[in-house]
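In what follows, a structure is listed as structure tokens, so that the remarks can point back to it.
Both counts, for ligands and for their atoms, begin at 1 and track the order of listing.
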Amino acid sequence: MPRQRLDKGLVQVYTGNSKGKTTAALGQSLRAIGHGFYVCFIQFLKGGAYTGELFASQRLYPNFVFRQYGITCPYSTIIRQGEEKCHGCGECFPSKDKDSTEHERLTRMGFQAAQEAVSSGEYDLVVLDEINQAIHLGFLNTEEVVAMLDKKLPFVEVILTGRNAHPEVLERADLVTEMTPRKHPFQKGTASRRGIEY
Ligand code: ATP
Ligand code: MG
């Protein structure tokens with residue numbers, strides 16, 4: 001049987017300041033995989049090698065390929081083993097006070113992978129997790145990201161996630177969903193939970 005394709009691949013954006021962007025993209029991936037499609041999930045800025053989605057993706061390979069282009073958490077191993085929790089130390093995140101050269105280099109590698117994934121024909125859904133934030137931090141230009149979307153194969157669906165989505169990305173998108181915070185357990189001091197927040 002010939003490999004199935006989407007009739008028309010669109011561009012989706014999940015942005016906003018509340019929880020649900022990455023998990024919505026994972027839910028969308030699961031749905032596509034269920035129908036035999038191939039998904040490439042590219043995660044920018046985050047290298048938490050202990051997240052549940054990273055392990056789940058390995059069970060779904062080759063329909064689900066998961067790649068990370070962030071700086072690895074120094075406590076990944078013990079967090080993965082459940083002996084410690086993510087305390088939000090921020091070691092893995094870029095910030096204005098820290099040298100961001102390495103984050104930028106990894107982001108550029110991720111972008112190269114993204115360009116290949118949307119135009120190789122290997123994948124039906126390409127998720128660019130946290131790419132909005134990578135643009136916001138100045139690691140990628142909006143123009144090059146929009147150019148990538150314009151060059152994607154017509155049957156490829158692309159999802160761009162992350163806070164602070166650029167207006168030109170929103171303009172290019174066919175679907176935009178904004179996660180609005182109403183309540184978050186972090187406000188009451190609840191720490192990140194294994195299996196829920198990571
Ligand atoms: P998730 O991966 O759970 O779908 P997300 O991708 O929407 O979350 P990110 O911006 O990537 O959220 O943030 C990563 C982490 O920060 C998640 O664990 C999420 O629960 C948490 N978070 C999201 N929104 C808020 C908020 N408004 N206040 C505090 N923490 C938040
Ligand atoms: Mg996220």
Side-chain angles (χ1 to χ4, degrees), residues 11-33 39-60 64-76 78-80 82 84-96 98 100 103 106-107 110-111 113-114 117 125-140 145 157-167 169-170 173 175-198:
V11 175
Q12 305 187 26
V13 175
Y14 306 154
T15 191
N17 293 335
S18 197
K19 176 177 168 67
K21 301 174 288 293
T22 301
T23 43
L26 288 165
Q28 185 67 85
S29 301
L30 196 61
R31 181 177 286 168
I33 291 163
V39 177
C40 184
F41 200 105
I42 294 179
Q43 197 160 48
F44 292 91
L45 307 176
K46 290 185 176 173
Y50 51 77
T51 60
E53 54 265 41
L54 181 62
F55 306 129
S57 72
Q58 287 161 6
R59 298 189 199 175
L60 296 168
F64 199 10
V65 171
F66 200 101
R67 297 184 180 191
Q68 289 189 311
Y69 295 91
I71 290 178
T72 306
C73 162
Y75 310 106
S76 267
I78 49 173
I79 296 175
R80 185 172 60 227
E84 204 163 272
K85 290 178 177 168
C86 165
H87 293 117
C89 71
E91 289 278 330
C92 61
F93 287 119
S95 86
K96 290 198 176 74
K98 284 193 280 189
S100 58
H103 277 290
L106 292 169
T107 298
F111 187 61
L125 170 62
V126 177
V127 179
L128 306 175
D129 193 38
E130 287 291 354
I131 195 169
N132 294 327
Q133 195 62 10
I135 297 169
H136 182 71
L137 291 168
F139 299 157
L140 295 174
V145 173
E157 187 94 359
V158 180
I159 300 177
L160 302 96
T161 89
R163 298 170 192 220
N164 304 304
H166 193 281
V169 171
L170 299 181
L175 178 151
V176 177
T177 295
E178 188 159 355
M179 310 307 178
T180 307
R182 301 272 192 226
K183 277 186 178 181
H184 196 291
F186 285 9
Q187 291 159 344
K188 286 189 178 167
T190 306
S192 292
R193 293 160 302 155
R194 189 180 187 222
I196 302 295
E197 271 81 30
Y198 61 85

For [atom], the protein heavy atom that lies nearest, with its residue and separation:
| atom | result |
| --- | --- |
| atom 12 (O) of ligand 1 | K21 NZ, 3.5 Å |
| atom 3 (O) of ligand 1 | K19 NZ, 2.6 Å |
| atom 27 (N) of ligand 1 | N17 O, 2.9 Å |
| atom 6 (O) of ligand 1 | T22 OG1, 2.7 Å |
| atom 4 (O) of ligand 1 | T23 OG1, 2.7 Å |

Any chance the side chains of Q43 and E130 put a donor and an acceptor closer than 3.5 Å?
->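 Note: Q43 and E130 side chains miss the donor-acceptor criterion.
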Please check if the side chain of T190 supplies one atom and the backbone of P185 the other of a donor-acceptor pair under 3.5 Å.
->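 Yes.
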Show the atoms of ligand 1 that are less than 4.0 angstrom away from any heavy atom in [X].
| X | value |
| --- | --- |
| F186 | 21 (C), 29 (C), 30 (N) |
| G20 | 1 (P), 4 (O), 5 (P), 7 (O), 8 (O) |
| R163 | 10 (O), 13 (O), 22 (N), 23 (C), 24 (N), 25 (C), 31 (C) |
| S18 | 7 (O), 23 (C), 24 (N) |
| K46 | 9 (P), 11 (O), 13 (O), 14 (C) |

Exercise check, heavy-atom protein proximity under 4.0 Å to atom 31 (C) of ligand 1 =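 Protein heavy atom within 4.0 Å of atom 31 (C) of ligand 1: present.
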Going by heavy atoms, is Q187 under 4.0 Å from ligand 1?
->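 In this structure, Q187 fails to qualify as a contact of ligand 1 - no heavy atom is under 4.0 Å.
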Is the closest heavy-atom distance from Q133 to ligand 1 below 4.0 Å?
->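 In this structure, Q133 fails to qualify as a contact of ligand 1 - no heavy atom is under 4.0 Å.
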Any N/O/S atom of T161 sitting less than 2.8 Å from the Mg ion (ligand 2), backbone or side chain?
->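 No.
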Parallel under 30°, tilted from 30 to 60°, perpendicular over 60°: which one fits the rings of F139 and H103?
-> parallel
Straight-line distance of S57 OG to Q68 CD, nearest 0.5 Å |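 So the gap between those two atoms works out to 8.5 Å.
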Find out whether Y14 and Q28 are in side-chain contact, i.e. whether some heavy atom of one side chain is under 4.5 Å from a heavy atom of the other.
->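 In contact.
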Proximity of M179 to ligand 1 by residue part, where a heavy atom lies under 4.0 Å =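 Near ligand 1, M179 shows nothing, with every heavy atom at 4.0 Å or more.
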Side chain, backbone, both or neither: which part of D129 comes within less than 4.0 Å of ligand 1 when only heavy atoms are counted?
-> neither
Any idea which of E197, H184, Q43 brings a heavy atom closest to atom 26 (C) of ligand 1?
->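 Selected option, by shortest heavy-atom distance: H184.
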